[in-house]
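Notes follow once the structure below has been shown.
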Amino acid sequence: MPELPDVEHFRRHLAETSLGRSIEDVTIRNAKVLALPGTRLRQALQGRRMTRTRRHGKQLLVELDDGRWLALRFGMTGRLLHFKDAADDPAYDRVRLDFADGSHLAFEDRRQLGRIAVIADADDFIRQQKLGPDALDSKLDAAAFTALFAANRATAKAALMDQTLVSGIGNIFSDEILFQAGIHPQAQVKALDRADLARLYRTTRKVLQIAVARGGGSEEGADKLPKGFLTPRREAGARCPHCRGRIETLKFSGRTAYLCPPCQTIGAPRSRSRRTKAAR
DNA sequence: TTCCATGTTCCGCA
DNA sequence: TTGCGGAACATGGA
């Protein structure tokens, strides 16, 4: 589920519910999601308060009152849930912060592909992870975005999902952005002209901003997205919201892309029609 | 029972 | 050097 808009939603949830609360205990249900031994996580957190949140792409960073940071990565199935009543403890709760006031913050992650780390400095961590600028960073203007992409030799979809280029976009939102920009997912980035790249930039920002404003969107939030979006139509027998044609799928770069070929002609490979199939 | 899945990382190949 | 395909991770839903 988590791409930039979802992680932003988790960030706001944590900020609204958990900042300033004293962490009394840390309950570790499954240490697989930990990047450090459970005893060290507990030592790092017990008695501390979280003071500030940051997000960089899909990475959520939370500052502690001793200046260290908690770094949360959600994998495919991770999410955060603050609750008071023990009965609301989610089924796939892996790590839970138990606050002194009796409330809890659960890191839920069914497939256990998320990671929790404790780091000394957020900016150092972002550099170490080789993350590119956050896709909604105010400093990432059209010129900076175009410069990053102009040097790339991958396909448009692979480039959008490359976290070292720009951070925060995954499989679902890369499809959405390319659909709205009219660009074929297998278009070679180097074959796109300036106008295409400028539109790709504007579309990236618009799509992510709308998804953030609507509270996420790559899964449960999909039905909150505007009618013209492709994301809610990643399903059997789907019709393109623009032309009513069939949504097709394409497998490459290890992922399944959803697209509407007639609406996404820019950079389309000639062999496209042989390699796509109608969405299930 | 089999296939597939929103992410990340690693390996081997071109 | 860069990009890509495939596999692995672990689990559950269709």
Side-chain angles (χ1 to χ4, degrees), chain A residues 1-10 29-35 55-60 71-80 90-95 107-117 125-126 128-132 135 148-179 185-191 207-208 211-212 214-225 229-238 249-259 267 269 275 277 279-280:
Chain A
M1 186 231 283
E3 295 187 33
L4 186 153
D6 308 285
V7 178
E8 177 62 19
H9 182 57
F10 300 153
R29 291 261 187 89
N30 191 322
K32 198 146 264 168
V33 299
L34 300 182
R55 185 189 52 71
H56 191 102
K58 306 174 191 175
Q59 189 79 52
L60 177 56
L72 305 175
R73 207 182 69 203
F74 296 93
M76 284 170 74
T77 54
R79 42 185 290 204
L80 286 179
Y92 300 104
D93 183 351
R94 305 302 183 193
V95 174
F107 181 87
E108 187 194 27
D109 184 7
R110 179 161 57 79
R111 284 176 64 183
Q112 304 175 65
L113 297 173
R115 279 296 170 278
I116 299 176
F125 180 75
I126 290 163
Q128 281 162 16
Q129 300 285 309
K130 298 186 167 55
L131 297 177
L148 283 171
F149 276 71
N152 191 277
R153 277 174 294 189
T155 60
K157 182 173 173 65
L160 278 176
M161 293 199 303
D162 182 348
Q163 304 302 299
T164 69
L165 204 58
V166 167
S167 289
I169 302 163
N171 198 29
I172 290 183
F173 278 100
S174 62
D175 283 352
E176 186 66 62
I177 290 162
L178 291 167
F179 170 70
Q186 285 180 307
Q188 294 296 319
V189 170
K190 65 177 186 294
V207 165
L208 294 176
V212 165
R214 305 224 175 180
S218 52
E219 196 181 61
E220 305 103 84
D223 51 4
K224 295 185 215 148
L225 294 174
F229 273 47
L230 174 69
T231 300
R233 320 236 174 184
R234 298 171 77 89
E235 58 185 23
T249 62
L250 198 53
K251 286 188 190 295
F252 70 101
S253 291
R255 313 307 291 256
T256 300
Y258 285 70
L259 71 156
R275 304 180 60 187
K277 59 177 184 183
R280 288 164 295 143

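Nothing here was measured: the structure is a model prediction, and the numbers come from that model. Protein chains get the first letters and strands the later ones, always in sequence-line order, with residue 1 at the start of each.
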Checklist entry - Taking the side chain of A/A154 as heavy atoms from C-beta outward, which of C/dG12, C/dC4, B/dG7 is closest to it? => result C/dC4
Checklist outcome for this item: Looking only at C/dT2, C/dG5, C/dT11, the nucleotide nearest the A/R153 side chain is C/dT2
Checklist outcome for this item: In whole angstroms, the gap separating C1' of B/dC4 from CG of A/L250 amounts to 17 Å
Next on the checklist: Need one value for A/F74: base, sugar-phosphate or nothing, where a base atom within 4.0 Å counts as base even if backbone is also close, heavy atoms only.
Outcome noted: nothing
Checklist outcome for this item: With sugar-phosphate taken as primed atoms, P, OP1 and OP2 and all else as base, the protein-contact string of nucleotides 9-14 of chain B at under 4.0 Å (heavy atoms; B, S, -) is S-----
Item to check | Test side-chain hydrogen bond (donor to acceptor under 3.5 Å, both in side chains) applied to A/N152 - qualifying residues, sequence neighbours left out | outcome: none
Checklist entry - Partners of A/R115 by side chain to side chain contact (heavy atoms under 4.5 Å, CB included), sequence neighbours excluded? => result A/R73
Checklist entry - To the nearest Å, how far apart are A/K130 NZ and C/dT2 P? => result 12 Å
Item to check | Heavy-atom closest pair, residues A/L165 and A/L148 | outcome: O-CD1, 3.6 Å
Next on the checklist: Just the rounded figure in Å: distance from C1' of C/dG12 to CG of A/D109.
Outcome noted: 13 Å
Checklist outcome for this item: Here the distance between atom C1' of B/dA5 and atom CD of A/E3, to the nearest Å, is 13 Å
Next on the checklist: Distance check, rounded to the nearest 0.5 Å: A/M76 atom CE versus A/N171 atom CG?
Outcome noted: 8.5 Å
Next on the checklist: Please determine whether a side-chain nitrogen or oxygen atom of A/K251 lies at a distance below 4.0 Å from atom OP1 or OP2 of C/dG6.
Outcome noted: no
Next on the checklist: Going by the rule side-chain hydrogen bond (donor to acceptor under 3.5 Å, both in side chains), which residues pair with A/Q163 if we only count those two or more places apart in sequence or in a different chain?
Outcome noted: none
Checklist outcome for this item: Here the distance between atom P of B/dT8 and atom NZ of A/K58, to the nearest Å, is 4 Å
Checklist outcome for this item: Separation of B/dA5 atom C1' from A/D175 atom CG, nearest Å, is 14 Å
Item to check | Summary of ring-ring contact (aromatic ring centres under 6.0 Å, His included) pairs that have at least one residue in residues 148-171 of chain A, sequence neighbours excluded | outcome: A/F145-A/F149
Checklist entry - To the nearest angstrom, how far is A/L165 atom CG from C/dG3 atom P? => result 9 Å
Next on the checklist: Roughly how many Å apart are C/dG6 and B/dC3, using the P atom of each and rounding to a whole number?
Outcome noted: 15 Å
Checklist outcome for this item: Sequence neighbours excluded, the answer for side-chain hydrogen bond (donor to acceptor under 3.5 Å, both in side chains) partners of A/Q59 is none
Checklist outcome for this item: In whole angstroms, the gap separating P of B/dC4 from OH of A/Y258 amounts to 11 Å
Next on the checklist: Pairs counted only when both distances fall under 3.5 Å, Watson-Crick or G-U: show me the 5' to 3' dot-bracket for DNA chain C, [ ] for pseudoknotted crossings and | for other-strand partners.
Outcome noted: .||||||||.||||
What protein N or O atoms touch nucleotides 8-10 of chain C N or O atoms at under 3.5 angstrom, if any, and at what distances?
from: C/dA10; atom 1: OP1; to: A/K32; atom 2: NZ; distance (Å): 2.8
from: C/dA10; atom 1: O4'; to: A/R111; atom 2: O; distance (Å): 3.4
from: C/dA10; atom 1: O3'; to: A/Q112; atom 2: NE2; distance (Å): 2.8
from: C/dA10; atom 1: N1; to: A/R111; atom 2: NE; distance (Å): 2.9
from: C/dA10; atom 1: N1; to: A/R111; atom 2: NH2; distance (Å): 2.4
from: C/dA10; atom 1: N3; to: A/R111; atom 2: NE; distance (Å): 3.1

Item to check | A/D175: side-chain hydrogen bond (donor to acceptor under 3.5 Å, both in side chains) partners, not counting sequence neighbours | outcome: A/K157, A/R234
Item to check | side chain to side chain contact (heavy atoms under 4.5 Å, CB included) partners of A/Y92, counting only residues at least two apart | outcome: A/R94, A/E108, A/R110
Item to check | ring-ring contact (aromatic ring centres under 6.0 Å, His included) against A/F74, all qualifying residues, sequence neighbours excluded | outcome: A/F10, A/F107
Checklist entry - Would you say the side chain of A/L178 lies within less than 4.5 Å of the side chain of A/L259, judging by non-hydrogen atoms? => result no
Next on the checklist: Restricting to side chain to side chain contact (heavy atoms under 4.5 Å, CB included), what partner residues turn up for A/A31, sequence neighbours left out?
Outcome noted: A/I28, A/L34
